Amino acid sequence: MTAQLDSVPAVPGTDDIRRVLTEIWAELLDLQPADVVDDASFLRLGGDSVLTVRMSALIRKRLDIALELSDVRVETTLGQLVELVERRSTDEPARAWNIEIARRDDPHSTFPLLPLQQGYFVGQQDGWELSYESAHYYLDYALDGMESDDAEDALADALERLARHQPTLRARVTQDGRQYVLAESDPSALPRVTLYDLRDRDEREIESTLADVRRDMSEHGPDPITGPGIDVRLTLLPGGRGRLHLGMSLLTFDGWSSGAMNRDLLSYAADWNATLVPLSIDFGDYVSSLSGLSRTEAWLADREWWWDRLDDLPAPPALPLVADPKSVRPVTMGNREARFSADEWATLRAQCTAHDVTASTVMLTAFGTVLARWAGHSDLLLNALQLNRLPLHPDVHRVVGAFAATMLIPLELDPDASFAELAASVQSVSSEYTSHNLVSGVEAGRELARRRGSRRPPAPIVFQSVLGVDAAMGGTASTDAGPLGTVDIADYFHQLRTPQVALEVRCFELGDEVVTVFSLVDEIFDEAEVAVAFEEFVSTVHELAAGRGWEAVPDLPRAGAPVADDRMRLGLLPDPPVNEHSGPPIDDLEYTVCEVFEEFLDVPVLDRGGNFFALGGDSMLAVRVVALLAKETGAAVAIRDFLDDPTVAGAASAVRLRLGVIQ
């Protein structure tokens, strides 16, 4: 690995720029500088979209040049990047962000939730169909060779040091949807370790206890509204074995943060004297710096770009259902899982490079072809989970927080195209849409739902890939955990609960292997159809890794749009009817509702048929409206009841129902 360079002069010349960029690429891609040539793309040399995040941050740090994520694509060659950085260093500014991160004067003051955090927050209030009491991810994995008598103290010490190093472990969320960080001195600030000592138990009792712990942590995740956003437990087993259990709230941690936090926790556990490089910023500093983003030219341009395209976006995959999502109350999501060996994954990556597409793009394309056959149409709207760490500071990639965002992405799969042609098209579309990432999928989705007149999730099928994160974090994590023994990452159990999602495919690394998982709401799908779809997806990836299938034309439906039939289908379900109301408010209660609407919407509300969302409201404001209504009327209306009829008259009716008043 090449050594890091100090920053070059304030106005670097072309040779300096090329030298620094060459060193950055060599460092990120584990190459010798001589291997990095001008006409080679980042992708051809082994890069991917995740590593471009680190690349942008390193360019900002070492050249003092601010690049947007949209500037640096995997298809970019070194020569093209040199020219771009040279222009940026002279007279061609990036899009007008005018954003600099600075330490907040009060590190414990509240700051807003980011859009995806808002979605999770509302979901935890039972605001959406497919909601849960907590949006969280649960993981446990095996430990071997533990020093069992010292393990609990080592883990507790590591967790305390980590919570001091990463303030997000001390984060809380207020009832009205803001977040803040508790001071280290607060007695409730630091998360604690729960211990299960099963060293003298028999195998039957061990299995029963582990099942109980997993059920508890899967069904009842940590909630930063009431306590820490992380739940850490340790099980001691006979023979120096054990398991580390981690529950992480999606309100406070994203996928990148989960990996970073786990690495740091084990680094502290492995060495009582370990010291991590201090962070210059925290998540609150980052979020607060974005407070003016929606007033910048860049954000307004991205919103205009999205708003011009929303009416032409396709429908979500019309997957056949066995139950209406509004009628079910899922407790956890089911998993279908497959692993690809290190050798197979290496050959697939080589095939991807030969076809000039990323591995994530290939997984997304394979998923899209399976969905198209399952749904019966080839134009599909998906949600893609994005890392979304804007390269505003060199420490952004080391900070733990809920940075992630969703992005709406249309797949328009040509039934006459080969798989290689489909993948190239998907990558092109993904790059184009990612280049307008300042407006998130949550924000675009709210507007799309408003235009379509629907209160159902506009894109409930999700694709998530964190392939390449290990490389972006500096390589595969160490398996040495000191008194906790050796980590066996291949022996794990996991569970996801994320609101508004019917089906999510996740792709992640497991050392040199790769895992792909279908996480879905089992209650709404036919089990046999899910099994067929998952097998098709896995088989497609196996074929591509073997070099077969790239030039084949997948068997895709000719219909672009969904075709209604006698089956219940996702995206074609009607919204529950909203009662028609009109005229002026009929009593004092409806006048009170009008006043509450006006306070949040800053528009006059004079009609009892005034619809909160049509007047400019969103789900986050709806939570605050319900809270204020409870204060003004004494009736705690459920969010879901408010959303079922979000008019002045409907809200008043929900209040009367709570108060037991018959109208």
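Just so we're clear, the structure is a prediction, and the values are computed from it rather than from any experiment.
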[X] side chain to [Y] backbone, donor-acceptor under 3.5 Å:
{"X": "Arg389", "Y": "Phe403", "value": "no"}
{"X": "Arg339", "Y": "Ala490", "value": "yes"}
{"X": "Trp256", "Y": "His397", "value": "yes"}
{"X": "Arg497", "Y": "Ala135", "value": "no"}
{"X": "Ser131", "Y": "Pro499", "value": "no"}
{"X": "Arg624", "Y": "Asp176", "value": "yes"}
{"X": "Gln125", "Y": "Phe121", "value": "yes"}
{"X": "Gln179", "Y": "Val173", "value": "no"}
{"X": "Thr358", "Y": "Thr361", "value": "yes"}
{"X": "Arg170", "Y": "Ala189", "value": "no"}

Decide yes or no for [X] and [Y]: does some side-chain heavy atom of the first lie under 4.5 Å from some side-chain heavy atom of the second?
{"X": "Phe283", "Y": "Thr252", "value": "no"}
{"X": "Ile639", "Y": "Val623", "value": "yes"}
{"X": "Thr369", "Y": "Glu536", "value": "no"}
{"X": "Tyr120", "Y": "Thr498", "value": "yes"}
{"X": "Leu382", "Y": "Val462", "value": "no"}
{"X": "Asp264", "Y": "Arg398", "value": "no"}
{"X": "Thr174", "Y": "Tyr180", "value": "yes"}
{"X": "Glu205", "Y": "Asp202", "value": "yes"}

Suppose we call two aromatic rings close when their centres sit under 6.0 Å apart. Are [X] and [Y] close by that rule?
{"X": "Tyr138", "Y": "His136", "result": "no"}
{"X": "Phe493", "Y": "Tyr141", "result": "no"}
{"X": "Phe518", "Y": "Phe367", "result": "yes"}
{"X": "Phe534", "Y": "Trp374", "result": "no"}

Looking only at heavy atoms, what is the nearest atom pair of [X] and [Y], with distance?
{"X": "Ser619", "Y": "Val122", "answer": "O-CG2, 3.7 Å"}
{"X": "Val626", "Y": "Val637", "answer": "CG1-O, 2.9 Å"}
{"X": "Ala163", "Y": "Pro191", "answer": "CB-CD, 3.9 Å"}
{"X": "Ala481", "Y": "Val487", "answer": "CB-CG2, 4.2 Å"}
{"X": "Pro325", "Y": "Leu573", "answer": "CD-CD1, 3.4 Å"}
{"X": "Gly368", "Y": "Leu411", "answer": "CA-CD1, 3.9 Å"}

Rounded distance (nearest 0.5 Å) linking atom [atom1] of [X] with atom [atom2] of [Y]:
{"X": "Lys326", "Y": "Ile524", "atom1": "NZ", "atom2": "CD1", "answer": "13.0 Å"}
{"X": "Met248", "Y": "Asn262", "atom1": "CE", "atom2": "CG", "answer": "7.5 Å"}
{"X": "Leu467", "Y": "Met363", "atom1": "CG", "atom2": "CE", "answer": "6.5 Å"}
{"X": "Tyr137", "Y": "Ser249", "atom1": "OH", "atom2": "OG", "answer": "14.5 Å"}
{"X": "Thr235", "Y": "Asp197", "atom1": "OG1", "atom2": "CG", "answer": "9.5 Å"}
{"X": "Arg243", "Y": "Asp491", "atom1": "CZ", "atom2": "CG", "answer": "4.5 Å"}

Ser341 vs Asp343, test: side-chain hydrogen bond (donor to acceptor under 3.5 Å, both in side chains). Steps then yes/no.
CA-CA 5 Å; Ser341 69; Asp343 288 344; 5.5 Å; no

Could you walk me through whether Arg446 and Gln118 pass side-chain hydrogen bond (donor to acceptor under 3.5 Å, both in side chains), step by step?
CA-CA 12 Å; Arg446 287 171 180 164; Gln118 295 174 17; 2.7 Å; yes

[X] and [Y] ion-paired at < 4.0 Å:
{"X": "Glu504", "Y": "Arg336", "answer": "no"}
{"X": "Asp324", "Y": "Arg456", "answer": "yes"}
{"X": "Arg241", "Y": "Asp144", "answer": "no"}
{"X": "Arg161", "Y": "Asp157", "answer": "yes"}
{"X": "Asp186", "Y": "Arg172", "answer": "no"}

Tell me whether Arg199 at atom CZ has more than 12 heavy atoms from other residues, nucleotides or ligands lying less than 6.0 Å away.
yes

Kindly check if the number of other-residue, nucleotide or ligand heavy atoms within 6.0 Å of CG (Asp512) is above 12?
no

Checking side-chain hydrogen bond (donor to acceptor under 3.5 Å, both in side chains) for the pair Asp254/Ser257: CA distance, chi angles, key distance, verdict?
CA-CA 5 Å; Asp254 59 14; Ser257 295; 2.7 Å; yes

Applying side-chain contact (heavy atoms from CB on, under 4.5 Å) to Leu371 and Ile461, what does each step give before you reach the verdict?
CA-CA 9 Å; Leu371 289 174; Ile461 307 297; 3.9 Å; yes

Would Leu520 and Phe525 count as a side-chain contact (heavy atoms from CB on, under 4.5 Å) if you check the C-alpha gap in whole Å, the side-chain angles of each, and the deciding distance to 0.1 Å?
CA-CA 8 Å; Leu520 65 150; Phe525 292 108; 3.6 Å; yes

Identified salt bridge (Lys or Arg N to Asp or Glu O under 4.0 Å) counterpart of Asp140 within the set Arg233, Arg214, Arg215
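Result: among Arg233, Arg214, Arg215, Arg214 is the only option passing the salt bridge (Lys or Arg N to Asp or Glu O under 4.0 Å) with Asp140.
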
Check the side chains of [Y] and [X] for a donor-acceptor pair under 3.5 angstrom, ignoring hydrogens and angles.
{"X": "Ser478", "Y": "Asp480", "answer": "no"}
{"X": "Asn335", "Y": "Ser519", "answer": "yes"}
{"X": "Arg506", "Y": "Thr516", "answer": "no"}

Determine, step by step, whether Met620 and Leu113 satisfy the side-chain contact (heavy atoms from CB on, under 4.5 Å) criterion, reporting the C-alpha distance in whole Å, the side-chain angles of both residues, the deciding distance to 0.1 Å, and the verdict.
CA-CA 10 Å; Met620 190 68 191; Leu113 299 175; 3.8 Å; yes

Does Glu219 form a side-chain hydrogen bond (donor to acceptor under 3.5 Å, both in side chains) with Gln495? I'd like the steps, not just the answer.
CA-CA 9 Å; Glu219 297 180 3; Gln495 187 65 249; over 6 Å; no

May I have the step-by-step check of side-chain contact (heavy atoms from CB on, under 4.5 Å) for Asp641 and Leu657, ending in yes or no?
CA-CA 10 Å; Asp641 291 341; Leu657 189 62; 5.8 Å; no

